[in-house]
There are 2 protein chains.
Amino acid sequence: MVSRPASLNTRERLIQAGIRLFGEQGFEATTTRGLAEAAGANIGSIAYHFANKRGLYLAAARYIAEQLRTRLALDETAAQAPVADRDAALAALRALARRMVRTFAEDEECRQWLLLVMREQVRPGEAFEILQAEAFGLVQATLGGLIARLTDRAIDDRRVILETHTLVGQIVFFLIGREPLLRRLEIEAFDETILAEIEAVIDAHLRLYAAPNADPTPTRPT
Amino acid sequence: MVSRPASLNTRERLIQAGIRLFGEQGFEATTTRGLAEAAGANIGSIAYHFANKRGLYLAAARYIAEQLRTRLALDETAAQAPVADRDAALAALRALARRMVRTFAEDEECRQWLLLVMREQVRPGEAFEILQAEAFGLVQATLGGLIARLTDRAIDDRRVILETHTLVGQIVFFLIGREPLLRRLEIEAFDETILAEIEAVIDAHLRLYAAPNADPTPTRPT
DNA sequence: GTCTATAGTCGGATAGAC
DNA sequence: GTCTATCCGACTATAGAC
């Protein structure tokens with residue numbers, strides 16, 4: 001039994017309200033009254049749980065980062081990758097790519113985060129630093145480590161960084177550009193069939209790293 | 001010499017203000033007074049040029065779509081592609097991909113459009129229909145036609161649609177996910193060197209379509 | 001404590017002068 | 001084409017009646 005279920009619920013509800021309202025209206029335009037009302041909480045609860053409006057905003061960013069880490073199982077993948085051999089690296093890469101596809105294409109909650117995250121992309125503030133340090137950076141490092149291993153390049157090689165970015169873009173766009181894709185496919189939502197096809201397409205692109213010799217511009221052995 | 005330079009300027013400035021304010025605050029929260037002030041115009045000019053606030057919003061969406069079509073030279077590419085042979089299709093695909101990279105990575109104005117476009121992605125309204133019909137759909141159709149040609153598939157093949165989406169995601173993410181990438185690269189902005197490297201990475205992925213037999217799951221000849 | 005009347009504010013739209 | 005003044009509807013806040 002939890003010690004303060006009502007309190008934790010209020011905190012959770014405030015964060016959810018924050019993600020929604022900060023994303024839709026921006027930080028300044030969002031009022032503490034609006035946040036409290038949307039959360040079904042008392043105005044004073046913001047000060048109690050987060051000190052002030054800014055604290056709630058940063059907590060919302062931390063929540064998003066934490067959820068991403070959990071859903072993508074980033075910590076486990078990062079921990080196992082460095083010591084893995086080549087086949088294990090490829091398997092880890094495919095598994096992580098698959099988790100990303102499932103998370104971004106299937107999970108409805110992710111869509112709630114989009115506007116807040118995009119605001120921080122367009123005008124990065126302190127919340128961006130949190131997202132970068134606690135989520136984006138881990139995705140870059142984990143995927144980058146695996147791709148570096150597979151292409152026999154250094155982990156800081158710019159080619160590795162750009163390939164990592166490209167891979168993330170492929171997958172994330174199933175979240176960001178979902179509506180135009182659904183229109184083109186003439187469907188209302190992703191079903192299991194299409195999700196499997198998406199995975200197959202991503203997997204085909206991962207094959208670019210499977211055969212390092214196929215790369216026409218290999219890194220020179222320093 | 002233009003016949004009504006002053007008028008065009010007011011109209012233009014209102015659209016620019018609309019893209020910014022509607023994106024930042026959303027349609028409802030944005031006031032006509034705020035729009036007029038941001039544009040350095042008077043309130044009545046909104047009614048004169050766009051009938052009402054909603055008209056300005058839709059005009060902003062149309063402006064974005066038109067700018068995209070122009071920058072990507074979509075109309076020309078779409079017109080030439082269907083009759084092209086295989087090599088010409090590949091060349092057209094590479095050229096269009098290159099234009100997209102340059103537009104999204106280099107052009108600062110594109111960043112202004114992001115929030116408005118993302119709002120329409122998250123909650124599609126009439127403006128989304130405009131963007132889809134006058135820009136996104138053309139990108140899908142043009143790229144899809146070229147990829148279909150290169151992979152010997154039908155233009156409505158779901159694999160073609162998904163590959164097209166994946167390609168767009170790769171490139172667009174250099175606009176959307178620019179900040180995390182700049183952090184990782186430890187640079188402040190894209191320079192010519194990195195742009196060339198980005199193009200090379202995208203080009204390597206295009207090579208997946210260059211050899212149709214390399215595709216492990218070919219379409220069955222219906 | 002609840003309800004309601006009224007005053008005040010805000011924002012979109014309109015009309016008409018220049 | 002641009003600008004000012006104004007109207008009207010929606011919402012908010014307050015206050016007084018009960």
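Residue numbers begin at 1 in each chain, while the letters A, B, ... track the order of the sequences.
A straight line from CG of B:Asn42 to P of D:dT4 spans 7 Å, rounded to a whole angstrom. If you take CD of B:Glu12 and P of D:dT2, they are 12 Å apart, rounded to a whole angstrom. Separating the CD atom of B:Gln25 from the P atom of C:dC10 is a distance of 16 Å, rounded to the nearest angstrom. In this structure, the CZ atom of B:Arg13 is 11 Å from the C1' atom of D:dT2, given to the nearest Å.
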Under 3.5 Å, which donor-acceptor pairs do the side chains of residues 31-43 of chain A form with other protein atoms, sequence neighbours left out?
| residue | atom | partner | partner atom | Å |
| --- | --- | --- | --- | --- |
| A:Thr31 | OG1 | A:Gly34 | N | 2.9 |
| A:Asn42 | OD1 | A:Gly44 | N | 2.7 |

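The environment of B:Glu188 atom CD is sparse: at most 12 non-hydrogen atoms of other residues, nucleotides or ligands sit within 6.0 angstrom.
Counting only residues at least two apart or in different chains, ring pair (Phe, Tyr, Trp, His ring centres under 6.0 Å) contacts with residues 166-185 of chain A comprise A:Phe173-B:His165, A:Phe174-B:His165. Pairs engaging residues 179-198 of chain A under the ring pair (Phe, Tyr, Trp, His ring centres under 6.0 Å) rule: none recorded [sequence neighbours left out]. Identified under the ring pair (Phe, Tyr, Trp, His ring centres under 6.0 Å) test for residues 93-112 of chain B, with sequence neighbours left out: none.
Distances shown here put every side-chain N or O of B:Thr10 at or beyond 4.0 Å from the OP1 or OP2 atom of D:dG1.
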Heavy-atom contacts, protein to nucleotides 11-17 of chain C, under 4.0 Å, summarised as B (base), S (sugar-phosphate only) or - (none) per nt, yield BBSB---
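Every residue two or more places apart in sequence or in another chain that forms a side chain to side chain contact (heavy atoms under 4.5 Å, CB included) with B:Arg71 is listed here: B:Gln67, B:Thr103, B:Asp107, B:Glu109, B:Trp113.
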